[in-house]
Amino acid sequence: MSTISNKKYEAVIGLEVHAQLLTKSKAFAAVSAEYGSAPNTQVTPLCLGHPGTLPVLNENLVRYIIKMGLATECKVAKKSIFARKNYFYPDLPKGYQISQYDTPICYDGGIEIELEEYSKKIGITRIHMEEDAGKSIHDQDPYHTLVDLNRAGTPLIEIVSEPDIRTPQEAYAYLTKIKQIVQYLEICDGNMEEGSLRCDANVSIRPRGQEEFGTRTELKNMNSFRNVERAIAYEIERQIELVESGGEVVQQTLLWDANKLETRKMRSKEEAHDYRYFPEPDLPPVIVTDELLDDIKKDLPELPSVRFKRFMDELGLSNDVAYTLTETRQLADYYEKTLQYLNDPKAVANVVLTEVLRVLNDQSISIRDFTITESRLAELVQLKQDDKVNSSAMQEIFNEMLNSDKSAEELAKEMNLIQVSDSGFIDPIIDEVIENNPDEVQRYKDGKKALIGFFIGQVMKQSKGKANPKQVRERVSEKLEA
Ligand code: ADP
Ligand code: MG
């Protein structure tokens, strides 16, 4: 965006996020909602919209959405109803989706987002329940579109934000936070690339200082967080250029093209919709009792923002370290479980952030698939804390542990990496190094004290990493000063 226009205009952005819930069965039918089965194997007469079938509400759908509501400071309606959203599409046999319309179960909440320079609250207008449609597959048959109805009727929640977002970066941070929260709550896997999180973005611009909102466009078809950020940035720039050249923004739906990196108009036919919402006659109102609410509250895990603060306040970790360790619940759990075996928050954090995360990145795996258990990692760190191995040896042992069941100590012995703190071992090496480097010794004696690092390095090298660096430092300086 050009800086002149940036000074003159600000963007107003509101996001609608759909999250696919991890319930075992569908929203209103007793059939598996699991992803990835052979097409049309998880279909009941209800999913096909046969006459005479009746929906029955999955209780976990209600529990999951209330969890999300509580985690985002929403109010929870004691009574809300379902509504039919009517439209015709081949992957929607019933001719309508069951959704909620003017009484969402959760409303008036907010999420705190963190950016590098500041943090701010983004309002949540509402979170409501709905069922998903089936899937039309256009790329498997040269002549026909195929329909898979396994997804028809799987449970979704839709999270609608207030138009509080002002930049593409804030939109990115907001999505990251939503993903983190649903993963902590274990209600959705949060994977946008696989479609379990989907996001539509509403974007408008207005001259800075103006209170009234401009006309918005709605962006669809973005299948990664980066694409949401890019699409919004592109759209803001497009709107500014349009207005600056005397044009007007038209309210419309635009599709993001991730290859061309631009938005384009949907055919207007696809856009004209009138959903004719009306109350769903086959389902009773959803009543949330105080008992249910209390029960769900008891079930809530510690939320990421709370855990993040606790890691700083109670464990004494820095902002960055606490942030990274709490990014996913699994990593934070792994870290804390390791602390149960070895209560040294900083030393353990250090190994998790350097060694463990490096392996997860290199192998593109999640901590769930990581092979070193918490207790074994704790033993390794303990070896280092006890000065039995030095840090480069610790790294070598760590790598070996990835493919071995042996304990850190066994491996250290096998690999001959146990540090020797015996002066009978170290002193001859130090003497040799001093004897072989007379120039350095002279310069040290003339005042260049920084050369101590050179001697320590030489001794460590000669000892093949087995000397205890602390002891080496002491003995080297004693001998040089002598
Ligand atoms: P619809 O039902 O047509 O999608 P909503 O009023 O529910 O419309 O708004 C959908 C989203 O659009 C919300 O996230 C809201 O914050 C956002 N929004 C509303 N007005 C604007 C605007 N002028 N500019 C940007 N976003 C907006
Ligand atoms: Mg909308």
Side-chain angles (χ1 to χ4, degrees), residues 1 9-19 68-69 72-74 77 80 82-87 96-111 113 120-130 133 156-175 177-178 197-222 225 228-229 231-240 242-243 247-256 263 265-266 268 270-278:
M1 202 186 306
Y9 295 96
E10 79 173 346
V12 172
I13 302 157
L15 299 184
E16 296 166 272
V17 176
H18 284 91
M68 187 62 183
T72 54
E73 295 167 23
C74 283
S80 65
F82 286 105
R84 287 189 183 178
K85 179 180 182 180
N86 300 279
Y87 61 95
Y96 60 86
Q97 261 175 302
I98 301 177
S99 180
Q100 292 196 297
Y101 189 51
D102 43 19
T103 60
I105 186 166
C106 303
Y107 59 98
D108 275 0
I111 290 181
I113 60 168
K120 79 183 246 192
K121 183 91 144 230
I122 306 296
I124 303 279
T125 316
R126 54 186 282 155
I127 311 179
H128 67 256
M129 302 180 260
E130 39 183 55
L156 301 175
I157 59 175
E158 178 171 343
I159 306 150
V160 182
S161 87
E162 288 290 299
D164 290 344
I165 299 166
R166 293 289 172 270
T167 64
Q169 294 73 30
E170 287 182 12
Y172 187 93
Y174 172 81
L175 279 174
K177 203 62 192 252
I178 295 233
L197 266 191
R198 295 167 227 158
C199 172
D200 299 337
N202 297 270
V203 180
S204 64
I205 55 160
R206 62 179 174 189
R208 281 187 193 278
Q210 177 183 306
E211 192 134 342
E212 200 187 322
F213 290 156
T215 305
R216 69 179 148 125
T217 58
E218 184 166 0
L219 310 181
K220 289 184 179 289
N221 204 36
M222 300 156 299
F225 285 25
V228 172
E229 192 181 5
I232 292 173
Y234 176 89
E235 180 58 15
I236 293 170
E237 193 166 356
R238 188 192 70 86
Q239 289 186 12
I240 290 173
L242 184 66
V243 170
E248 254 180 57
V249 176
V250 186
Q251 181 159 357
Q252 59 184 344
T253 303
L254 300 166
L255 293 182
W256 174 246
T263 52
K265 213 168 134 31
M266 269 174 116
S268 53
E270 284 173 277
E271 231 210 301
H273 44 218
D274 170 8
Y275 293 124
R276 301 172 350 268
Y277 279 101
F278 64 84

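Atoms within a ligand are numbered from 1 in the order they appear, just like the ligands themselves. It should be emphasised that the depicted structure is a prediction, and the values quoted were computed from it without experimental measurement.
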Problem - Residues E218 and T253: side-chain donor-acceptor under 3.5 angstrom - result: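 Side-chain D/A pair, E218 to T253: absent.
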
Handout entry: Short side-chain donor-acceptor distance under 3.5 Å, R276 and N86
Key =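 Looking only at side-chain atoms, R276 and N86 do not form any donor-acceptor pair under 3.5 Å.
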
At less than 4.0 angstrom from any non-hydrogen atom of [X], what atoms of ligand 1 do you find?
X    : result
G214 : 23 (N)
F213 : 23 (N)
V12  : 24 (N), 25 (C)

Practice task
Have a look at E162, E16, R216 and point out the one with the heavy atom closest to atom 3 (O) of ligand 1.
Solution key: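 Minimum heavy-atom distance to atom 3 (O) of ligand 1 goes to R216.
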
Practice task
Could you see which bit of T125 sits under 4.0 Å from ligand 1, with heavy atoms only: side chain, backbone, both or neither?
Solution key: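 Near ligand 1, T125 shows nothing, with every heavy atom at 4.0 Å or more.
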
Test your reading of the structure: does [X] have an N or O sitting under 3.5 Å from an N or O of ligand 1?
X    : result
E218 : no
V160 : no
I13  : no

Handout entry: Listed partners of F225 passing ring pair (Phe, Tyr, Trp, His ring centres under 6.0 Å), at least two apart
Key =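 By the ring pair (Phe, Tyr, Trp, His ring centres under 6.0 Å) rule, F225 matches Y172.
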
Exercise for the section: Identify, with sequence neighbours excluded, every residue that meets side-chain hydrogen bond (donor to acceptor under 3.5 Å, both in side chains) alongside Y101. Expected result: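 Per chain and number, Y101 pairs via side-chain hydrogen bond (donor to acceptor under 3.5 Å, both in side chains) with no residue.
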
Practice task
Start with the C-alpha gap between R84 and Q97, add the side-chain angles, then the distance that decides, and say whether side-chain contact (heavy atoms from CB on, under 4.5 Å) holds.
Solution key: CA-CA 6 Å; R84 287 189 183 178; Q97 261 175 302; over 6 Å; no

Exercise for the section: Apply side-chain hydrogen bond (donor to acceptor under 3.5 Å, both in side chains) to Q252 and T217, showing your working. Expected result: CA-CA 5 Å; Q252 59 184 344; T217 58; over 6 Å; no

